[in-house]
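In what follows, chains carry the letters A, B, and so on, assigned in the order in which the sequence lines appear, proteins first and then strands, with residues in each chain numbered from 1. Predicted, not measured: the structure shown is a model, and the values here were computed from it.
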2 protein chains.
Amino acid sequence: MNSIIEVLKEYDIAPSMQRIKILEYLQNYKTHPTADMIYQALADEIPTLSKTTVYNTLKTFSEKGILVALSLFESEIRYEYNTHPHIHFKCIKCNKIYDLDRSFDLYNDDIINGHKITEHHVNLKGICKVCLEKDK
Amino acid sequence: MNSIIEVLKEYDIAPSMQRIKILEYLQNYKTHPTADMIYQALADEIPTLSKTTVYNTLKTFSEKGILVALSLFESEIRYEYNTHPHIHFKCIKCNKIYDLDRSFDLYNDDIINGHKITEHHVNLKGICKVCLEKDK
DNA sequence: ATACATTTTTGTAACAATTACAAATTTGGA
DNA sequence: TCCAAATTTGTAATTGTTACAAAAATGTAT
């Protein structure tokens with residue numbers, strides 16, 4: 001019945017009231033909410049809820065792998081000139097961002113599930129060539 | 001010779017000193033800089049430069065299509081629970097974000113140009129099914 | 001059950017990225 | 001040269017996020 005508590009325990013997270021409610025919200029509403037959206041949604045139900053708790057909890061959940069933190073389409077904007085089609089790769093060791101030449105004609109001006117695609121961004125993460133060499 | 005001014009005119013942008021320097025910087029340094037990085041880099045050369053000008057200019061450039069504004073890996077973080085592999089599609093009309101079921105085994109644990117890929121994010125933009133219907 | 005160390009939550013303040021806005025400056029055309 | 005329009009600038013406001021320390025809740029040994 002109380003599967004949420006079981007899920008938390010499974011991920012080695014103590015099942016506090018706040019954590020249960022936040023996880024429950026994310027299970028029920030698959031709207032990719034921001035931390036603030038979650039806070040707003042739960043503020044009525046948990047009047048003492050602090051926004052810091054929401055941030056802390058989401059950080060814990062991400063670290064334990066119970067959910068995924070996504071950087072989607074807004075903010076922390078970076079600019080690049082005159083783009084021939086390519087994709088981005090960020091090294092999680094040295095934080096360098098590489099441009100990789102790969103065409104993705106399969107996306108542009110295509111229809112997927114009835115949606116018309118006009119733009120695509122492919123962002124990869126991993127360990128770059130240079131850092132792989134260093135680790136040897 | 002002064003191809004930067006020509007490029008600006010081509011995109012219907014009056015070639016002011018600030019705009020020339022900012023575009024020049026983006027042409028020369030393909031490091032995906034943030035607005036602040038551009039400001040820091042040019043502050044010495046243009047001592048009166050205002051950060052607002054950098055933001056205004058980048059906005060103008062993006063709107064006119066002279067450069068691309070990217071949301072890469074940080075900030076404006078959104079959360080989602082328990083992710084089976086899928087990609088994200090955002091409708092530029094109604095701003096709704098859809099999950100699309102598509103597997104991208106081709107990326108994960110793959111090596112591209114010598115870099116080891118451990119994580120990937122595919123973000124598409126376009127006009128969704130519902131909005132396409134409305135426009136008919 | 002009690003005491004106590006540990007964990008969790010909370011509120012405030014700090015910080016960083018971005019935008020709003022109005023004044024000052026520069027520009028281009030009559 | 002003059003003037004309206006465009007551009008730049010500085011300040012303040014806003015937003016998302018983090019730092020931090022105090023308060024509250026929890027779990028365990030006794």
Visitor: Please give, in whole Å, the distance from D:dT7 C1' to B:Ile22 CD1?
Guide: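 In whole Å, D:dT7 C1' lies 12 Å from B:Ile22 CD1.
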
Visitor: Which one, D:dG10, D:dT17, D:dT8, comes nearest to the side chain of B:Ser50?
Guide: D:dG10

Visitor: Atom NZ of B:Lys59 to atom P of C:dT19: distance rounded to whole Å?
Guide: 7 Å

Visitor: In the structure I gave you, are the side-chain heavy atoms of B:Ile127 and A:His115 within less than 4.5 Å of one another anywhere?
Guide: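 No, their side chains stay 4.5 Å or more apart.
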
Visitor: Could you check whether A:Ser16 gets within reach of a base, just the sugar-phosphate, or nothing at all, counting any heavy atom under 4.0 Å?
Guide: sugar-phosphate

Visitor: Return whichever of B:Thr53 or A:Asp36 has its heavy-atom-nearest nucleotide of DNA chain D closer to the 5' end.
Guide: B:Thr53

Visitor: Ignoring backbone atoms, test whether A:Thr34 places a side-chain nitrogen or oxygen under 4.0 Å from the OP1 or OP2 oxygen of D:dG16.
Guide: no

Visitor: D:dT9, C:dT18, D:dA19: which one has an atom nearest the side-chain heavy atoms of B:Leu49?
Guide: D:dT9

Visitor: Any base atoms under 4.0 Å from A:Thr52, or only sugar-phosphate, or nothing? Heavy atoms, all strands.
Guide: base

Visitor: B:Met17 has an atom CE; how far is it from atom P of C:dG28, in whole Å?
Guide: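 The answer, rounded to whole Å, is 14 Å.
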
Visitor: Among residues two or more places apart or on two chains, list those pairs meeting salt bridge (Lys or Arg N to Asp or Glu O under 4.0 Å) that have a residue in residues 47-57 of chain A.
Guide: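 Those involving residues 47-57 of chain A are A:Asp36-A:Lys51.
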
Visitor: Within the distance-only criterion (no hydrogens, no angle test), does the side chain of B:Thr60 pair as donor or acceptor with the backbone N or O of B:Asn56 below 3.5 angstrom?
Guide: yes

Visitor: Classify the ring geometry of B:Tyr98 against B:Phe89: parallel below 30°, tilted from 30° to 60°, perpendicular beyond 60°.
Guide: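 Judged by the thresholds at 30° and 60°, the geometry between B:Tyr98 and B:Phe89 is tilted.
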
Visitor: Does B:Gln18 make a side-chain N or O approach to OP1 or OP2 of C:dT26 shorter than 4.0 Å?
Guide: no

Visitor: Whole-Å distance between C:dT9 C1' and A:Glu45 CD?
Guide: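 So the two atoms are 17 Å apart, to the nearest Å.
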
Visitor: Just how far, in rounded Å, is P of C:dT8 from CD1 of A:Ile20?
Guide: 13 Å

Visitor: Out of C:dT12, C:dT9, D:dT7, which has the shortest distance to the side chain of B:Ala14?
Guide: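 Out of C:dT12, C:dT9, D:dT7, the nucleotide with an atom closest to B:Ala14's side chain is D:dT7.
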
Visitor: Starting at NZ of B:Lys51 and ending at C1' of D:dT9, how long is that distance when rounded to a whole Å?
Guide: 14 Å

Visitor: Nearest whole angstrom, please: distance from the P of D:dA5 to the CG of B:Asp12.
Guide: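 In whole Å, D:dA5 P lies 18 Å from B:Asp12 CG.
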
Visitor: Can you tell me which nucleotide in D:dT9, D:dT17, C:dT9 comes closest to the side chain of A:Tyr55?
Guide: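 Nearest listed nucleotide: D:dT17.
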
Visitor: Can you identify which nucleotide, out of C:dT18, D:dT8, C:dT9, has its nearest atom closest to the A:Asn56 side chain?
Guide: C:dT9

Visitor: Side chain of B:Arg19: nearest nucleotide among D:dT8, C:dT9, D:dT9?
Guide: D:dT8

Visitor: Would you please name every residue forming a ring-ring contact (aromatic ring centres under 6.0 Å, His included) with A:Tyr25, sequence neighbours left out?
Guide: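 Result, ring-ring contact (aromatic ring centres under 6.0 Å, His included) vs A:Tyr25: A:Tyr29.
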
Visitor: Rounded to the nearest Å, what distance is computed from the CD atom of residue A:Gln40 to the P atom of nucleotide D:dT15?
Guide: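 For the pair A:Gln40 CD and D:dT15 P, the rounded distance is 11 Å.
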
